[in-house]
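In what follows, chains are A, B, ... by sequence order, proteins preceding strands, each numbered from 1.
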Number of protein chains: 2
Amino acid sequence: MRRDEIVTGASQGGAAARRGGGRGTTGRRRASHSLEAVISEAVAILDESGEPGLTFRALAARLGTGVGSIYWYVSSKDELLERAADSVLAGVLAQTAHVGTDPDPIADVRAIAIAFYEATVNRPWLGAYFLQDSGTQINGLTLYDRMGRQVMRLDLTRRQQFDAVSAVMAFVVGVAADRGQDPPQEVRDGRVSADEFVADFRAQIRELGEQDFPFLFNIADEFAAHDDAEQFRAGLDLLLAGIRQQAAG
Amino acid sequence: MRRDEIVTGASQGGAAARRGGGRGTTGRRRASHSLEAVISEAVAILDESGEPGLTFRALAARLGTGVGSIYWYVSSKDELLERAADSVLAGVLAQTAHVGTDPDPIADVRAIAIAFYEATVNRPWLGAYFLQDSGTQINGLTLYDRMGRQVMRLDLTRRQQFDAVSAVMAFVVGVAADRGQDPPQEVRDGRVSADEFVADFRAQIRELGEQDFPFLFNIADEFAAHDDAEQFRAGLDLLLAGIRQQAAG
DNA sequence: CTAGCGTATAGAACAGCGTTCGATCACCGA
DNA sequence: TCGGTGATCGAACGCTGTTCTATACGCTAG
């Protein structure tokens, strides 16, 4: 996979320069696809069965086509995953299009970060692929820029602005990577309830002993009761408090 | 892969209950291995060629054994990766064994976070696998606890302690995931120098235009000049400042 | 109307992967 | 001496990403 060129949504880019469109002016051929259809179906598979579930054969079957056809739109599985991740970012961008009006710039940063986070909920596969793309994929850059515009309104040096935006983005990705992997197979299947799982985990922490793991022991109840989204916002607010303090002098 | 049991280093755990040891009392048999040898060699391969480079056949060749033998020590590739990640964490723990003496607890948290971060430098494969393990692998939990002990010294509620430690860990992982994916293949191979790559990227950002991407345009020079480790510390300090402020009241 | 070209579809074939399985070996207590 | 157990090994299986070639369709030139 190349990363030395910024890939915009519609134009250039190796074998994937082929645009969708599918239907021309008249009827269709054998089976008409499009880049958008390929990627949205890929996202659907990823959401249902995760990254291991996304195979070219499974995707082809779902599109009612052959494996070879997919390679007309996408040159490798890496590119497929990149485009899938980027298409999710497009949704985040749409949701944060209005941002930039709040008198407090940090409130806007917060809104963007939360929208970004929420897009990763129930999408474990995104965590690993996000920042991999954000460097070169257009939607990742746009999101980065959108957050940066708000930070520019603060009284910070350029370097401080750069560091602040990078920190917030890294934090969101880190939380996403964590949260995504959390519930094991048994819980996803429904074989074990979430409450049972949490209770088991708490019991196991307790068994480790207070002497050897005082913090874990101390925190066991909080773990059992905590809400992921709430914890994300709590951490985000700590980071934003640091930024605000820096901007204040 | 199960995640409902905490896997300690030496004891239970499915097929991998088999401990190393290798040499018994006398001479060896055909070829004597050990769990430690398998995992340290796996880490070596991961460091050299990344996750796709780690195959059972490559690992077997390097150990001078057959593929089947590896399954005696490890029950799947997932477990191999988990143990590899956890073995790196063991190094972080060794490096932070002394921590806990600073009068300022936050300085200790900082030291642990930096040691953790530094272990991820030049180990792109770690990012994706870290927090996946830290929930159930013993070294991940130990690291979590070690950082938590320092936070316990602060004037925070249990919930605040929990959130603070989780935030710092997530931030480190997020940065690691980012930094790991950054240099593309050409740079790693040496075909393109790092300076050239950065210069190209800056030029491409400039081409996007100041109107559409004001922040990126503004930051282009900073990007070209920035140091990853420095930026990590800058972000970490923002987060720690927020924690300190919360502890102060 | 048709010849031909570019776009797009389709599936057979290939190398390589993780994983399973049975055969084999080395040691050890009886 | 002899099973039994711990450990090693490689052939074999099913599946994967990817490549290749053949084919069908729509459009335009003549």
Next on the checklist: Looking only at the side chains, is there a donor atom on one of A/Tyr144 and A/Ser166 sitting less than 3.5 Å from an acceptor on the other?
Outcome noted: yes

Give the nucleotide from the list [options] with an atom nearest to the side chain of [X].
X       : options                : result
A/Thr55 : C/dA12, D/dA12, D/dG17 : D/dG17
B/Ser69 : C/dC17, D/dT8, C/dT9   : D/dT8
A/Arg57 : C/dT9, D/dA12, D/dT16  : D/dT16
A/Phe56 : D/dG17, D/dT8, C/dT19  : D/dG17
B/Val67 : D/dT18, D/dA11, C/dT7  : D/dA11

Calculate the interatomic distance between [X] atom [atom1] and [N] atom [atom2]; express it in whole Å.
X       : N      : atom1 : atom2 : value
B/Lys77 : C/dC17 : NZ    : P     : 9 Å
B/Leu35 : D/dG6  : CG    : P     : 17 Å
B/Leu63 : D/dA7  : CG    : P     : 16 Å
B/Glu79 : C/dT19 : CD    : P     : 10 Å
A/Tyr73 : C/dA10 : OH    : C1'   : 12 Å

Checklist entry - What does the inter-axis angle of the helix from C/dC1-D/dG30 to C/dA30-D/dT1 come out as, five pairs per end, nearest 10 degrees? => result 20°

Item to check | Ring geometry between A/His226 and B/Phe162 (parallel below 30°, tilted from 30 to 60°, perpendicular above 60°) | outcome: perpendicular

Next on the checklist: Just N and O in the side chain of A/Tyr71: are any of them under 4.0 Å from OP1 or OP2 of D/dC20?
Outcome noted: no

Checklist entry - Has A/Thr65 got a side-chain N or O lying under 4.0 Å from the OP1 or OP2 atom of C/dT9? => result no

Next on the checklist: Please classify the nucleic acid contact of A/Leu54 as base, sugar-phosphate, or nothing, using heavy-atom distances under 4.0 Å.
Outcome noted: sugar-phosphate

Next on the checklist: Using the side chain to side chain donor-acceptor pair (under 3.5 Å) criterion, which residues pair with B/Arg62? Sequence neighbours excluded.
Outcome noted: B/Glu41, B/Glu48

Checklist entry - Could you give all pairs that pass the salt bridge (Lys or Arg N to Asp or Glu O under 4.0 Å) test and reach residues 202-213 of chain B, with sequence neighbours left out? => result B/Arg202-B/Asp221, B/Arg206-B/Asp221

